[in-house]
Structures are given as C-alpha cells and as structure tokens.
Amino acid sequence: MNTKSTKYIIQLIIPFFAIIFGVSAQNQSVNVVYIMADDIGLGDIGFYHRERTGNKEIIPTPNIDKLIENGMRFSNAHSPAALCAPTRYSVMSGNYPIRSYAPWGVWGGFGKNGIEKGQKNIATVMNDAGYKTAFFGKWGFGSRFYQKGTTEFCHDNYGNIDVDISRIIDGGPLDLGFNYSCSLPAGIQNSPYAFYENDVWMKLKPNSELIVKNGKGRKPFLGDSNWKTEDAGFILVSKTAEFIKSAVNENPKKPFFIYYCSQAVHSPHRPPLTFNGSKVKASTPSNHGDMIRELDMQVGFIIDALKKNDVFKNTLIVFTSDNGGLNIAETEKAGHDSSNGLRSYKSSIYEGGHRVPYIVRWPGITPSGVTCTEPVLGTDLMATLVELTGGELDDNRINDSFNILPFFKEEKTSENRIYYTVQSAGKNPYVAIWENDLKLILKTEKTNDKVLVPTALFNITKNPYEYEKDNLIHDAEYKFKISQLIVKYNEIKNIEE
C-alpha cells in the first residue's frame, strides 16, 4: 500500500473513532454552566419578540438569541413557582416547593434553608461525579447568620441590626456542598447588601466596612459600605471568568459545574453606565430594559470566558429564569411585552407567571435551531445531571425531577410525564396541575393547603393565552376530569419522602 493510500485510510479512521469515543468522553466529562436569570419572561428575549410580532426587538439580546439559533429551545418550559425563592429550592433539590418546610418560600438572607442536612442537591451530585463546583449570584432561599456576640441564629429579616453578617453560618452555598461560591444571600433587593466569597464577607474595596444604613421609608439595613447595586453584575461575571480560568489551569481534565444566578433583572433597576466597555444605561426605553440588556451581556461574557479557556466546545450551557417576566409600564409603552403575549406576569398562576425561556447549547450534541415541545420544569436539573454523570438518583428524597437529557439529543425517553404542577406567589396562593393539554387551577391557602377550590380549567394547546371565555371550569363535560385532577394533585403532594 503506498503512502498516499495509507494517509487516506487514516484520515477516514480518525474521524470514525472520534465519533465513537469522543462523544462518549464528552458525555462523561462535559462541563456544565446553568444560568438562571431573575424575572425574565419569554418576551424579554429579542428572538421571541421578533417571532411573535414580526418586528425588530425593542431590547436587543444578541448573545441569548445566538444560543437559540445555535442550540435548542423548549417551548413548554416552566419554573416550579411563579416567584423566586420556592423555585430556587426546587432547582437545588429536584423537588416541588411543597416538599419544603416553607412551601411558599424562604425569603431574604436570614431564614433556615429548605434543604435538610445530608439531603442530595445538585452540588453534591456533581461533587460525587468528580466535578469542581461553583455557585455565583443570588442564593435567595435561606441562609443564617448569628446574632452579634452569640451563637444564636438571627431570625428577623427586616430591621434587625444586631446581626453578625461577616460570615454565613448555615445554609449557604459552601454549606450545601459547592467547592467555591461568590454569592448574594438575598440578591440585590434585601439585606445583607454584601458579597460573600466561600460564605465569608468579601470586601468590595480595601476600606469596606459592614455598616447600618437607613433607607427612606424603610427599616435600617445592613451591608458593605461600598455597596453599589449597579456594580453587582460585573462583579459576578468577573468572578465566574476567574473560576473558569483557574479550574482549567488547575486541572484541564477535571470538569466543572457552574450554577450562575444573575441578579438581573430583579428590581431595583439600576443599570451601570457601561458593562465591559459597552453602554448600558439609557440604551433602551427604560431602566428595566437596560437591565435586560446587561443580562445578555453577562451571558456573552461567560461564553467568551469559556472560549478564551478553550472549553466552550465541551460545555453544556442551559439558560432559563426563576419565574415569568415583569410588567413595567415604561417598558411596555415602548412596545415590549415581557410575557410575550401570555396572560399575566411574575407571581401569577397564569402562563405569564411561570412559562420561561429554556435554552440549551451543547456543541456537537444539541442540534441547531430546534424547538422541543416536551414539558420541562426547573426541578428537572437534578435528574438530568445524575443521568449525565452516571450517578444515582435518591428516590427517597428526590420526587419531582425528570431526566430531560434525551431531549437535548432529540432522543425519546422511556419515561412519560403526564402530570406536573406549579404554584403562584405566596400572597396569591394558587396551584396548577397539568394532564397533557389540560391545566387545572386551584385556589388554596398558605395556612391550610387542604383547601383546593377549582377556579379555572384551560386547554393550553387550544387556548394558550387562557382567555376566560374559553374557561372550561363550569363545563359539565369536564366535571369528572376536574375531580380526577384534584385527586391526582393530592397524591403528588402527599408523597412521603
């Protein structure tokens, strides 16, 4: 055989073995970056605005749009709750909020975390699989500090200034298993107004002090003396880029898992003048719009960090939100609809409250520009990571997580999700259960969750905008089905862990 023929055969064989072994290796050691925005609805993404209206977007999101164009989007994705705290518990635990001791949410930075000691969560699952794990951003579902001069936990979230906020003692990212963290215990909207690196206060400047501040018309609050809300986003992405670089340099063969919870676009809407050299403030019709733009820039910054460290092609990226979007009058006047035409917004049991973007980009695995119509929930991250890493699901403590990894590859799954539930905000206690096309809404009570009053039944396929004229709740044909769904909801709720 001549040299030219040998070279030709080798050129054929190498790609074959790359396909056989390369994909297998990628499945075993792929990096994972899970990005969860705060208060982003479908309509906040430029791609969806253009698709719905046929017009140019009001607020550009080129980086997120590119993820959609080069990846997979899920058109039937939901947050487990229409508000952030219960959703964050669900993402970490793989359980509906009803499994928590505080099913309507653990608020602020001073409450007991809903995840029990020794309970598996996404950080411990990835640690067990040999990943280096990191959390960035808004924690938002419970952490505890000591009262000053004691070893007693502070329980007052508002107005208590006798708290030692120099260290998170219990329920923070490190306590729950992350190897590294740069966190905001309550995001940018509540005390403590400070960053914590590995659960210890991270000074924003060398002269930073922990001080008490007095706000107009509100109780005193605690925070870093150099706190500026508008700086939060760039601090988070900078720390994320540092982690990616250090993880790759430390051991390029050790995969990493990043759970990135952006502070954007929760209020207060205080956009920075610029972000990484690009104008942000006053670049859209509202401060709210500017923060959407900053969020997109954060996504771009993280992707650039992956590319600079030559790990983008071996990284699974998921982008989603903790609940639906916001109804900000100034933004809406410009023609922007955060809910993308769906009924209502954040906090609501209607689709605008919990139907969220869910975008997956996995180079070489997910096809480009594909839409998956299967139902997906925030709880599904747990089972999906377990499947990705070859681990085992704790069936006794993880009840509501569905492995959606096959969907990423356009494969069928052996499981069949018929029922799923979500809940509204705590001040407006409603729950909903789906069976295929039917969505039943039930009014409940925070203090007595046995009260379940059916208020609406919609065929979401035929009536995606939940028009009341097509509410089937009083249709005699569906009377028995409503009773069945109430029974099924109670069965789901009463699973013993």
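Just so you know, these numbers come straight off a predicted model, no measurement behind them.
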Any Lys/Arg nitrogen of D470 or K462 sitting under 4.0 Å from an Asp/Glu carboxylate oxygen of the other? no

Looking at F256 and N31, what are the two nearest heavy atoms and their distance? N-OD1, 3.0 Å

Please say which of Y419, W434, Y478 ends up in a side chain to side chain contact (heavy atoms under 4.5 Å, CB included) with L485. Y419

Is there a donor-acceptor contact under 3.5 Å from the side chain of S183 to the main chain of G137? no

V311 backbone acceptor or donor facing N314 side chain under 3.5 Å: no

Under 3.5 Å: donor-acceptor pair, side chain of N309, backbone of A305: yes

Quick one, E374 with I404, criterion side-chain contact (heavy atoms from CB on, under 4.5 Å). Give me CA distance, side-chain angles, the key distance, then yes/no. CA-CA 9 Å; E374 297 286 348; I404 60 174; over 6 Å; no

Looking at R88 and D322, is there a salt bridge between them, counting it only when a charged N and a carboxylate O are closer than 4.0 Å? yes

Side chains of S368 and N70: donor-acceptor distance under 3.5 Å anywhere? no

Quick test of your reading of the model: are E57 and R50 salt-bridged, counting only N-O distances below 4.0 Å? yes

For the pair V212 and L222, evaluate side-chain contact (heavy atoms from CB on, under 4.5 Å) and give the outcome as yes or no after the intermediate values. CA-CA 5 Å; V212 177; L222 300 163; 3.6 Å; yes

Side chain proximity check, N428 to I349, heavy atoms < 4.5 angstrom: no

Least distance between heavy atoms, K213 atom then W227 atom: NZ-O, 4.2 Å

Contact summary for S321 and M36, nearest pair of heavy atoms: C-CG, 3.8 Å

side-chain hydrogen bond (donor to acceptor under 3.5 Å, both in side chains) assessment of D38 paired with S262: CA-CA 6 Å; D38 199 344; S262 177; over 6 Å; no

Measure the acute angle between the ring planes of Y180 and F243, then classify it against the limits of 30° and 60° as parallel, tilted or perpendicular. parallel

Let me see the working for I258 and F136 under side-chain contact (heavy atoms from CB on, under 4.5 Å), right down to the final yes or no. CA-CA 8 Å; I258 292 173; F136 298 90; 3.8 Å; yes

Tell me, do I244 and T240 make a side-chain contact under 4.5 Å, heavy atoms counted? yes

Heavy-atom check, side chain of V106 versus side chain of N113, under 4.5 Å: no

State the OG-CD distance between S339 and E332, to the nearest 0.5 angstrom. 8.0 Å

Under 3.5 Å: donor-acceptor pair, side chain of E351, backbone of P464: no

Run the numbers on F458 and Y467 for ring-ring contact (aromatic ring centres under 6.0 Å, His included), then give the verdict. CA-CA 8 Å; F458 298 115; Y467 297 126; 9.2 Å; no

Scan side-chain atoms only and decide if T461 and D437 contain a donor-acceptor pair under the 3.5 Å cut-off. yes

With rounding to the nearest 0.5 Å, note down the distance linking CG in L388 to CE in M126. 6.0 Å

Looking at every heavy atom in both G341 and Y465, which two are closest together, and how far apart are they? O-CD2, 3.0 Å

Is there a side-chain contact between T384 and F408, using heavy atoms and a 4.5 Å cut-off? yes

Taking side chain to side chain donor-acceptor pair (under 3.5 Å) as the criterion, tell me which of H336, H269, H288 meets it with T331. H288

Is a side-chain N or O of T366 found less than 3.5 angstrom from the main chain of R361, in a donor-acceptor match? no

Would you say S401's side chain and T379's backbone share a donor-acceptor pair under 3.5 angstrom? yes

Got a sec: does the NZ of K66 have more than 12 other heavy atoms crowding it under 6.0 Å? no

Mark yes or no for whether R99, through its side chain, and K493, through its backbone, hold a donor-acceptor pair below 3.5 Å. yes

Side chains of K138 and Q189 in contact at under 4.5 Å (non-hydrogen atoms): yes

Does the distance from a Lys or Arg side-chain N to an Asp or Glu carboxylate O, for K239 and E197, drop under 4.0 Å? yes

Using modelled atom types only, decide if a donor and an acceptor are shared between the side chain of N95 and the backbone of S90 within a distance under 3.5 Å. no

Classify the side-chain pair S283/R293 by whether it contains a donor and acceptor separated by less than 3.5 Å. yes

When rounded to the nearest 0.5 angstrom, what is the spacing between CG in L342 and CG in L42? 6.0 Å

Any donor-acceptor pair under 3.5 Å from Y96 side chain to P103 backbone: no

Between N323 and D39, does any side-chain donor sit less than 3.5 Å from a side-chain acceptor? yes

Just so I know, are the side chains of P272 and E294 near enough to count as touching, which here means a heavy-atom distance under 4.5 Å? yes

Mind listing the closest non-hydrogen atom pair of D224 and L204 along with its distance? OD2-N, 3.2 Å

So which heavy atom on P185 is nearest to which on A194, and how close? CD-O, 3.8 Å

Report yes or no: does T455 contribute a side-chain atom to a donor-acceptor pair with the main-chain N or O of K443 at less than 3.5 Å? no

Please walk me through it: do I98 and Y489 pass side-chain contact (heavy atoms from CB on, under 4.5 Å)? CA-CA 11 Å; I98 52 177; Y489 176 78; 3.9 Å; yes

For the pair Y358 and F407, evaluate ring-ring contact (aromatic ring centres under 6.0 Å, His included) and give the outcome as yes or no after the intermediate values. CA-CA 12 Å; Y358 201 98; F407 300 153; over 10 Å; no

4.5 Å side-chain heavy-atom contact, T320 and F74: no

Quick check: are there more than 12 heavy atoms from other residues, nucleotides or ligands sitting under 6.0 Å from CZ of R417? yes

Counting C-beta onward and ignoring hydrogens, is there a side-chain heavy-atom pair between H354 and S79 closer than 4.5 Å? yes

Straight-line distance of F47 CZ to T61 OG1, nearest 0.5 Å: 10.0 Å

Could you state the interatomic distance from OG1 (T133) to CG (L174), rounded to the nearest 0.5 Å? 8.5 Å

Measure the spacing between CG of D65 and CG of D296 and express it to the nearest 0.5 Å. 7.0 Å

D175 with R144: basic N within carboxylate O range, under 4.0 Å: no

